[in-house]
Number of protein chains: 2
Amino acid sequence: MSAKTTDTKQEILSIGRDLLKKVGYNAFSYSDISKQLNIKNAAVHYHYPTKEDLLADIVNNYIEDYKKLELGLANSNLKTVDKISVFADRYAHLIDMESICIIGSVASDFYTLPEAVKDKVVSLTNLVLGMVAKVLEKGRADGEIFFKEEAHTKALLIMTNLAAGVQLARITGKKDFESIRTALIDQLKK
Amino acid sequence: MSAKTTDTKQEILSIGRDLLKKVGYNAFSYSDISKQLNIKNAAVHYHYPTKEDLLADIVNNYIEDYKKLELGLANSNLKTVDKISVFADRYAHLIDMESICIIGSVASDFYTLPEAVKDKVVSLTNLVLGMVAKVLEKGRADGEIFFKEEAHTKALLIMTNLAAGVQLARITGKKDFESIRTALIDQLKK
DNA sequence: GTCTATATTCCGATAGAC
DNA sequence: GTCTATCGGAATATAGAC
């Protein structure tokens with residue numbers, strides 16, 4: 001139990017993660033978090049002394065999550081198209097949560113982020129792009145999917161479709177995201 | 001001259017536009033603007049009583065800009081691929097300005113925007129998507145470009161590639177955006 | 001160890017000077 | 001008409017109570 005993190009800290013992390021994806025780093029305050037937990041805003045500072053500390057933990061948390069997802073996909077029996085669908089489903093779910101993806105959120109706020117966090121954001125982004133590229137490359141080698149670009153470029157195309165797709169959905173509706181999802185899956189089937 | 005807008009107001013609008021695209025609606029203050037003009041922050045309030053007024057004018061300004069661009073493209077002799085390239089070039093330029101596209105910026109901050117502005121954002125977005133879709137549809141009818149999706153869907157795919165492409169470039173570098181640009185133009189040539 | 005009372009700074013906005 | 005001095009409130013953060 002020595003490594004156990006308190007429930008309060010876990011809840012702060014979870015609420016912070018949701019707020020980051022819903023309104024962005026500059027638009028939420030410690031008060032927004034403390035009110036949800038019925039504590040004073042300063043209590044949040046005990047667990048995370050500065051907002052930068054909280055943000056850093058959120059990003060680290062996503063790095064861990066994506067490492068697990070990468071392992072899960074690598075060890076799964078899913079067909080390549082279904083692996084990409086798993087990925088697309090995660091983005092579709094964001095829309096229902098009134099969220100955008102973590103990378104899009106911090107990218108929009110990038111020039112206002114603490115320097116130390118920017119490095120972590122780069123790591124997270126490279127992790128996700130690399131994961132998608134690997135899935136695509138293997139799928140093509142196995143003859144399951146088709147694309148002519150480099151795997152890294154194709155990963156960029158798909159990732160940007162999804163990331164900006166959830167952003168656009170806030171403005172024009174979820175139907176547009178579904179059109180994007182369907183189209184990019186169809187493209188892989190050639 | 002009766003309709004003339006003061007230089008100060010014009011400069012406020014211009015600086016506000018730049019700040020909106022660089023750091024987002026919640027991350028800039030009237031002080032950021034007033035300092036650049038060597039006036040007091042309250043002087044900005046004379047020209048734009050509330051921050052919402054400024055944001056609304058910025059979005060309206062973009063609507064006018066894009067209407068002009070749409071007319072310009074419709075009356076031009078450019079080939080379809082070059083019209084899309086004009087569009088992609090605008091996005092590439094944003095990266096050099098440390099900016100992201102206006103639609104991506106307000107989409108990320110959407111749930112913190114004043115209600116009245118959200119409607120304008122919807123109009124702007126539909127305007128841009130419609131413009132791109134029209135260019136694509138005409139280009140396909142003229143046999144200049146090829147794509148199998150509906151024109152609206154293809155516009156979504158291209159727009160999201162570009163919008164999230166400039167966001168990603170902040171994190172992983174401009175080279176990734178150039179890969180995206182090259183790939184999406186190549187796709188149109190089939 | 002966990003949280004509250006309090007300080008400090010900066011925000012958007014108003015009232016009033018020139 | 002244009003801008004400055006100033007207000008009320010909210011933000012992040014510290015010091016100290018329990």
Side-chain angles (χ1 to χ4, degrees), chain A residues 1-20 22-59 105-106 108-109 111-118, chain B residues 1-20 22-59 105-106 108-109 111-118:
Chain A
M1 275 295 184
S2 64
K4 182 177 179 298
T5 308
T6 64
D7 286 349
T8 302
K9 187 168 186 176
Q10 276 292 344
E11 287 180 299
I12 291 170
L13 179 65
S14 175
I15 295 169
R17 203 169 35 192
D18 291 346
L19 285 168
L20 179 65
K22 178 170 181 181
V23 299
Y25 184 61
N26 297 295
F28 77 86
S29 70
Y30 272 29
S31 280
D32 293 328
I33 296 174
S34 63
K35 279 173 191 160
Q36 289 194 42
L37 294 172
N38 283 315
I39 55 179
K40 299 295 169 183
N41 89 82
V44 181
H45 282 279
Y46 164 69
H47 299 281
Y48 291 105
T50 71
K51 207 176 169 183
E52 170 174 352
D53 294 322
L54 173 58
L55 178 64
D57 209 22
I58 292 172
V59 177
S105 174
V106 294
S108 296
D109 293 337
Y111 288 111
T112 71
L113 299 185
E115 287 301 322
V117 177
K118 289 184 186 175
Chain B
M1 274 296 182
S2 64
K4 181 178 180 299
T5 308
T6 63
D7 285 351
T8 303
K9 186 167 186 175
Q10 276 291 344
E11 286 179 300
I12 291 170
L13 180 65
S14 175
I15 294 169
R17 203 167 36 194
D18 291 346
L19 286 168
L20 179 66
K22 179 169 181 180
V23 299
Y25 184 62
N26 296 297
F28 76 86
S29 70
Y30 271 29
S31 281
D32 294 328
I33 296 173
S34 63
K35 278 173 192 161
Q36 288 194 41
L37 295 172
N38 282 314
I39 57 179
K40 299 295 170 184
N41 90 80
V44 180
H45 282 279
Y46 165 67
H47 297 283
Y48 291 104
T50 71
K51 206 176 172 186
E52 170 175 351
D53 294 323
L54 173 57
L55 178 64
D57 209 22
I58 292 173
V59 176
S105 174
V106 293
S108 296
D109 294 337
Y111 289 112
T112 70
L113 299 186
E115 287 301 321
V117 177
K118 289 183 185 175

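Letters go in sequence order (proteins before strands), and every chain restarts at 1.
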* Interface residues of residues 23-30 of chain B with DNA chain C (non-hydrogen, below 4.0 angstrom) -> F28(B), S29(B), Y30(B)

* To do: Could you check if a side-chain atom of V117(A) sits within less than 4.5 angstrom of a side-chain atom of V106(A), using non-hydrogen atoms only?
  => no

* Asked: Are Q10(B) and L13(B) close enough that some pair of their side-chain heavy atoms sits under 4.5 Å apart?
  -> yes

* Where along residues 11-20 of chain A does a heavy atom fall under 4.0 Å from DNA chain D? -> none

* Asked: Which ones in residues 34-44 of chain A lie close to DNA chain D, meaning a heavy atom under 4.0 Å from one of its atoms?
  -> N41(A), A42(A)

* Of all nucleotides in DNA chain D with an atom under 4.0 Å from a non-hydrogen atom of chain A, which is the first and which the last going 5' to 3'? -> dA11(D) to dT14(D)

Test of understanding: with side-chain hydrogen bond (donor to acceptor under 3.5 Å, both in side chains), list the residues that count as partners of [X], not counting sequence neighbours.
X	answer
K22(B)	E98(B)
T50(A)	D53(A)
S108(A)	S108(B)
D57(B)	Y48(B)

* Asked: Of all heavy-atom pairs between I12(B) and H47(B), which one has the smallest distance, and what is that distance?
  -> CD1-CD2, 3.6 Å

* Asked: Where the side chain of K51(A) meets the backbone of S29(A), is there a donor-acceptor pair that is under 3.5 Å apart?
  -> no

* **Distance in Å, S105(B) OG paired with L19(B) CG, rounded so as to fall on 0.5 Å steps** => 10.5 Å

* Structure fact -> So CD1 of I58(B) and OH of Y25(B): to nearest 0.5 Å the spacing works out to 9.0 Å

* Structure fact -> Residues passing the side chain to side chain contact (heavy atoms under 4.5 Å, CB included) test with T112(A), sequence neighbours excluded, are N26(A), D109(A), V23(B), A27(B)

Distance-only criterion, 3.5 Å: show the donor-acceptor pairs between side-chain atoms of residues 34-46 of chain A and protein atoms not counting sequence neighbours.
residue: S34(A); atom: OG; partner: Y30(A); partner atom: O; Å: 3.3
residue: S34(A); atom: OG; partner: S31(A); partner atom: O; Å: 3.1
residue: S34(A); atom: OG; partner: N41(A); partner atom: N; Å: 3.4
residue: H45(A); atom: ND1; partner: P49(A); partner atom: O; Å: 2.7

